[in-house]
Amino acid sequence: MTSKIRFGLCCLFVEQPIKFRTATATHLLKKSRSEQLEKLSELAGDNSKALLAAFKYCHAAGIGCFRINSQILPLKTHPVVGYSVSELPDGAAVMATFKECGRFLKKTGLRASLHPDQFVVLNSPRPEVVASSLAEIEYQAEVAEWVGADVINIHAGGGYGDKTAALARFKDGFARLSAAAQGLITLENDDKTYTPADLLPLCRELDVPLVYDVHHHRVLPDGLSIAAATAAALPTWNREPLFHLSSPLTGWKGSGLHRHHDYIDPADFPVEWRDLRVTVEVEAKAKELAVKKLMRDLSDSGRPVS
DNA sequence: AGCGGTCAAGTTGAT
DNA sequence: ATCAACTTGACCGCT
């Protein structure tokens, strides 16, 4: 049975009429500052309400975790149009709705996470990249505090031809985060550069949990079995462990390996995870339909297909 | 209403 | 050299 597994939905819906809005900086730059803030306030207000709807849907559907889009507060840390919520005309209402999301989370036991996107690179050799990355993480930590999210998951960054030096730089960047943000950061193995074996020593040293992405591990293996990587990842967590699962678009042979399928092939669900009490975020293009189908597939048979 | 061009940001690897 | 991929298409301006 999979009753102890909490499945997570990532950011979006395909069937539910729940939409998150955003804006482009190019468009906003044509407006006055007050017009910019008015527009951003409208988007932030809509998104805070959409987030509450997303939480309510997940809870009702038996989906145990929701990943919040980085653009929940659009362009929050943009160098020109960026803003603080208190500047927004409806800032107080926006914050109140986020805090209502937090109360819903606490009441229901739903979990929430954030995943800053590819532009957040704490180990970049370029100071301006690190600076913008720190700002983006601190913004997401603020949102996390309002809504009670307990994970801000990032990748270690680039390799730059010397992974040892690059991971040392990661530590420098991490040290510059606030204590609150440090307590939320997790590291995920990627499909290009950093394997679980690369990251586990760093995770242990910094007390940062490893988000074990089994798809990335299958694409970029390191000699660790799935069982070994799972067993090593679990003790890095001081809260419920969180893993990632997806299926390749075009099967495990040939190209297209890196791309995500609409749904999850239940055979890709590791048997090693079956009896764990963990969160598994489902990365699939069919979104809530894929999460619900996977839960159905795994419970119908009482066991993952193998 | 529909459609095409465009969108803040980094890094890697396939073509 | 260009560009798609990444957690994800959405928005704007034109017809």
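Owing to the predicted nature of the structure, the values given are computational and were not obtained by experimental measurement. Note on naming: letters A, B, ... go to the chains in the order of the sequence lines (proteins, then strands), and numbering restarts at 1 for each one.
- No more than 12 heavy atoms of other residues, nucleotides or ligands lie within 6.0 Å of NZ in K49(A), so this atom counts as exposed by the packing criterion.
- Counted by atom type alone, S246(A) and H215(A) present one or more donor-acceptor pairs between their side chains at under 3.5 Å.
- P79(A) comes within 4.0 angstrom of a base, heavy atoms only.
- Across the P atoms, dA8(B) and dC12(C) are found 11 Å apart, a figure rounded to whole Å.
- Put simply, the residue from L73(A), L52(A), N47(A) that forms a side-chain contact (heavy atoms from CB on, under 4.5 Å) with F98(A) is L73(A).
- Side-chain proximity of T193(A) to dT12(B), dT8(C), dA8(B): nearest is dT12(B).
- For L12(A) and dC6(C), the CG to P distance is 14 Å, given to the nearest whole Å.
- Taking the P atoms as reference points, dT8(C) lies 22 Å from dC7(B), given to the whole Å.
- In this structure, F13(A) places its CZ atom 17 Å from C1' of dA10(C), rounding to the nearest Å.
- Taking atom C1' on both nucleotides, dC3(B) is separated from dA5(C) by 25 Å, rounded to a whole Å.
- No more than 12 heavy atoms of other residues, nucleotides or ligands shown are found within 6.0 angstrom of CG on D207(A).
- Between K31(A) and E38(A) there is no salt bridge, since no side-chain nitrogen of the basic residue lies less than 4.0 Å from a carboxylate oxygen of the acidic one.
- Between the CG atom of N47(A) and the C1' atom of dG9(C) there is a distance of 14 Å, rounded to whole Å.
- Residues of residues 144-162 of chain A that place a heavy atom closer than 4.0 Å to DNA chain B, in numerical order, are G158(A), G159(A), Y160(A).
- Residue S70(A) is out of contact with every strand shown, counting any heavy-atom pair closer than 4.0 Å.
- Closest approach to the P125(A) side chain among dT8(C), dT7(C), dT11(B) is made by dT11(B) (side chain taken as heavy atoms from C-beta onward).
- The phosphate of dA14(B) (OP1 or OP2) has no side-chain N or O of K192(A) nearer than 4.0 angstrom.
- In this structure, E283(A) and K19(A) both approach DNA chain C, and ranking their closest nucleotides by distance from the 5' end singles out E283(A).
- Neither OP1 nor OP2 of dC7(B) sits under 4.0 Å from any side-chain N or O of H78(A).
- Rounded to whole angstrom, the span from the CG atom of L220(A) across to the C1' atom of dT11(B) amounts to 14 Å.
- Figure legend: R169(A) and Y160(A) shown as a cation-pi pair, the cationic atom lying under 6.0 angstrom from the six-membered ring centre and within 45 degrees of its axis.
- Atoms CD1 (I72(A)) and P (dA10(C)) sit 14 Å apart, rounded to a whole Å.
- Contacts of Q118(A) with the nucleic acid, taken as non-hydrogen atoms under 4.0 Å apart, include base atoms.
- In DNA chain B, runs of at least 3 stacked Watson-Crick or G-U pairs (N1-N3 plus N6-O4 or O6-N4, or N1-O2 plus O6-N3, all under 3.5 Å) give these stems: B:1-7 with C:9-15, B:10-15 with C:1-6.
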Provide a list of protein-nucleic acid N or O atom pairs under 3.5 angstrom, restricted to nucleotides 11-13 of chain C.
unit_1, atom_1, unit_2, atom_2, d
dC11(C), OP1, T22(A), N, 3.4

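- Contact detail for D262(A) and A290(A): the closest heavy-atom pair is O-CB, 3.5 Å.
- On the P atoms, dC3(C) is 14 Å away from dG5(B), given to the nearest whole Å.
- Ring geometry for F170(A) against F174(A) counts as parallel: the plane angle stays under 30°, on a 0 to 90° scale with 60° as the upper cut.
- Summarising the geometry, the separation between CG on L28(A) and P on dA10(C) is reported as 18 Å, rounded to the nearest angstrom.
- Comparing atom distances between the V129(A) side chain and each of dG10(B), dT7(C), dA10(C) picks out dG10(B) as nearest.
- Rounded to whole Å, the distance from NE2 on H115(A) to P on dA9(B) is 20 Å.
- Among the nucleotides dC7(B), dA9(B), dG9(C), the one closest to any side-chain atom of F119(A) is dA9(B).
- Using a 4.0 Å cut-off between a side-chain N of Lys or Arg and a carboxylate O of Asp or Glu, K4(A) and D275(A) do not qualify as a salt bridge.
- Residue R277(A) places its CZ atom among 12 or fewer non-hydrogen atoms of other residues, nucleotides or ligands, all under 6.0 Å distant.
- Taking atom C1' on both dT7(C) and dT2(C), the two are 24 Å apart, rounded to the nearest angstrom.
- Across all their heavy atoms, V120(A) and P116(A) have their closest contact at CG2-CB, 3.7 Å.
- Counting heavy atoms of neighbouring residues, nucleotides and ligands inside a 6.0 Å radius, atom CD of E240(A) exceeds 12 of them.
- Rounded to a whole Å, the CD atom of E188(A) is 9 Å from the C1' atom of dT7(C).
- Shortest non-hydrogen contact noted between A149(A) and L105(A) is N-CD2, 4.2 Å.
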